[in-house]
Amino acid sequence: MAHVSNVVAVGLPATVAAVHPLLVGESVACGWPSPSQDYFDGRINLNEHLIKDVTSTFVVRVSGDSMEGAGISDGDELIVNRALTPRDGSIVIAILDGELTVKRLQLKAGGVVLHAENPRYPDIKVPDAASLEIWATAETCLHDLRP
Amino acid sequence: MRIRTADPSSPALMPGSDYIAHVDVNSFYASAERAFNPSLEGIPVVVLSNNDGCVVTRTAEAKALGIPMGEPWFKLAPRAKSWGLVALSSNYELYGDISARVMELLGRYSAWVEVYSIDEAFLGVNGTPVQMRQLGRTIKDAVRRHVGVPVCVGIARTKGLAKLANKLAKHNQDFAGVCHWESIPEDVRDGLMSRLSVVELWGVATRLTKRLNAMGIRTILDLKNANPVMIRDRFSVVLMRTVLELQGTPCIPMEEERVGRDQLIFSRSFSTPVTTAAAMGQVMSVYAQQASARLAKHGLQAKVLTAFAGTSHYNQDNISYPSVCVPLPMPTADPVLLHKAANSLCERIYEGVKYVRAGIMVTDLRPTGNQSPLELFENPHEERGIGTLMESVSKKYGRGSIGLGSAGVRGGPDWSMKRDMLSPRYTTHWDELLLVKAS
């Protein structure tokens with residue numbers, strides 16, 4: 001039984017950390033059991049809520065202020081999904097001249113526009129929508145609020 | 001006569017699967033780099049081995065330049081600029097993550113996935129030929145869309161043929177990356193096999209090719225038409241299985257995971273040669289620690305440890321290739337025992353000789369707890385959980401933050417891996433995330 005203590009102490013991978021305290025609690029069989037134990041299903045796991053598909057989700061970091069109007073600041077992280085099909089209004093990572101660039105995708109009657117959310121940057125009209133390469137579609141922005 | 005095709009206890013095919021799909025990523029390392037750096041599309045890219053030594057991956061554009069596999073980088077470097085060739089160090093963290101994503105995705109298309117290597121897997125699949133071709137295209141598109149790397153898919157009745165079909169899918173434009181072997185008319189299949197040398201075949205090495213050629217077996221078709229029993233008698237049962245697989249009889253069973261992996265190797269070359277026994281001891285300590293962590297991760301214990309070192313092929317003076325093979329006192333993953341065993345190499349190190357590579361190999365692996373030793377012989381270090389403790393410390397504070405013996409000493413000789421042309425570890429390190437432009 002000596003090995004059990006090893007496993008509980010450090011052997012669990014990070015992904016099961018949320019249920020870890022319950023295991024410890026249960027092995028100590030003394031006293032009145034905490035009534036809250038029946039209701040403990042593990043802590044909130046952000047991965048579960050922010051990552052819809054682990055195979056296609058990536059985190060990227062924004063460099064520049066051209067998307068300020070969409071609430072995306074310089075240095076923010078975006079959670080992006082490569083498997084999503086972007087729609088009109090989606091924040092996308094487009095491939096422009098071999099570079100990855102954040103823009104808002106606008107699908108208008110007149111054609112496709114890559115729009116910056118900052119008046120200092122001009123819109124880019126995409127003449128041939130078929131040639132536009134979208135690397136990923138952004139789902140969430142991580143923005144540090146600390147002053 | 002009847003030939004026993006496979007061990008009767010191991011199913012040649014998974015129950016309920018008609019076909020085997022072989023999926024592998026084209027120029028895997030280079031494709032993983034391109035997935036995060038679109039400016040690498042369409043230009044020649046090579047990825048270099050440990051220590052920026054030799055070419056281990058070439059894109060089609062690099063192959064077209066005539067760059068051979070395994071070419072030492074120092075020979076290419078002077079011409080790289082004029083070719084527009086981009087060379088990158090091996091970004092193992094990135095490739096490992098991309099590989100895991102591909103394998104996870106493949107698991108959605110079959111309940112039977114055998115991960116064969118970092119960039120290839122076998123899947124048990126079933127359906128009609130039309131469905132097989134469609135499935136191949138679906139898998140190819142999904143991997144591209146989700147992970148961003150190109151794959152080819154070969155589907156056939158046997159593993160060997162699935163691998164061959166994949167090769168055809170890769171090299172023959174007409175297949176557009178997906179080849180279902182049995183959909184090809186038989187005379188066309190024979191024609192394709194007659195144009196491929198036996199050396200192209202899975203598991204047929206150059207030396208074997210020479211012996212086969214001497215018997216008049218030159219093409220894959222020749223081998224397919226050979227008598228399997230004669231092949232077994234003259235060569236091996238392994239090659240006989242290859243012949244049977246070519247004929248369409250499945251002989252190489254699907255394995256869910258290769259738990260039976262019988263060895264782990266930790267080896268690399270050094271950026272600066274190691275010239276003293278003390279420095280070699282430090283190297284061995286680090287490898288022992290890595291081996292221990294890997295064994296623990298896979299729930300394995302080793303019975304034998306082999307440690308080796310070598311001087312450069314390019315330097316013909318003071319040639320030295322010491323090695324030791326140490327039977328461990330009991331099956332173990334304990335870093336202390338592995339460390340002790342690995343360090344016995346130091347006695348065979350000549351002071352002043354320039355060793356450019358070293359490594360350890362642990363063999364005779366078995367699952368932990370398969371047979372528990374008597375309490376008396378239980379290793380005290382193992383009981384105290386030193387291995388797991390060290391693992392969790394290095395996970396939290398980074399590699400090199402904790403070490404046993406001389407591996408714990410910081411700032412020793414500079415033998416660690418040189419990766420001068422390393423791309424960011426985009427998916428595993430928060431400080432190295434992919435930058436996207438908003439300007």
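Chain letters run A, B, ... following the sequence lines, proteins first and then strands; every chain starts at 1. Predicted, not measured: the structure shown is a model, and the values here were computed from it. When reading the values below, keep in mind they use all heavy atoms of this one structure, side chains included, and skip hydrogens, waters and symmetry mates.
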A quick test of your reading: do over 12 heavy atoms of other residues, nucleotides or ligands sit less than 6.0 Å from NZ of A/K52? yes

Polar side-chain atom of B/S39 near backbone of A/G98 as donor-acceptor pair, under 3.5 Å: no

For the side chain of A/W135 and the backbone of B/A35, is there at least one donor-acceptor N/O pair under 3.5 Å apart? yes

Does A/S63 reach the side chain of B/V436, with side-chain heavy atoms less than 4.5 Å apart? no

Are there more than 12 heavy atoms of other residues, nucleotides or ligands under 6.0 Å from atom CD of A/E133? no

Engaged part of A/L84 at the chain B interface, taking heavy atoms whose separation is under 4.5 Å: backbone

Minimum heavy-atom separation for A/S66 and B/S439, please, with both atom names. OG-N, 3.6 Å

Decide yes or no for B/K437 and A/V62: does some side-chain heavy atom of the first lie under 4.5 Å from some side-chain heavy atom of the second? no

Under 6.0 Å from the CG atom of A/D97, do we count more than 12 heavy atoms belonging to anything else shown? no

Hey, which of A/V102, A/L96, A/T55 has the most heavy atom pairs under 4.5 Å with chain B? A/T55

Is the closest side-chain heavy-atom distance between A/D53 and B/H146 below 4.5 Å? yes

Any heavy-atom pair between the side chains of B/L433 and A/V60 that's under 4.5 Å? no

May I ask you to say whether B/D431 pairs ionically with A/R61, meaning some side-chain N is under 4.0 Å from a carboxylate O? no

At a 4.5 Å cut-off on heavy atoms, which part of A/E117 comes close to chain B: side chain, backbone, both, or neither? neither

I'd like to know if the side chain of A/R82 and the backbone of B/R145 have a donor-acceptor N/O pair within less than 3.5 Å. no

Specify the closest pair of heavy atoms between B/L434 and A/L100, including all atoms of both residues, with the distance to one decimal. CD2-CD1, 3.5 Å

Say whether, by atom type as modelled, one donor and one acceptor occur between the side chain of B/R101 and the main chain of A/T57 under 3.5 angstrom. yes

Looking at side-chain heavy atoms only, is the closest gap between A/V59 and B/W430 below 4.5 Å? yes

At a 4.5 Å cut-off on heavy atoms, which part of A/S73 comes close to chain B: side chain, backbone, both, or neither? neither

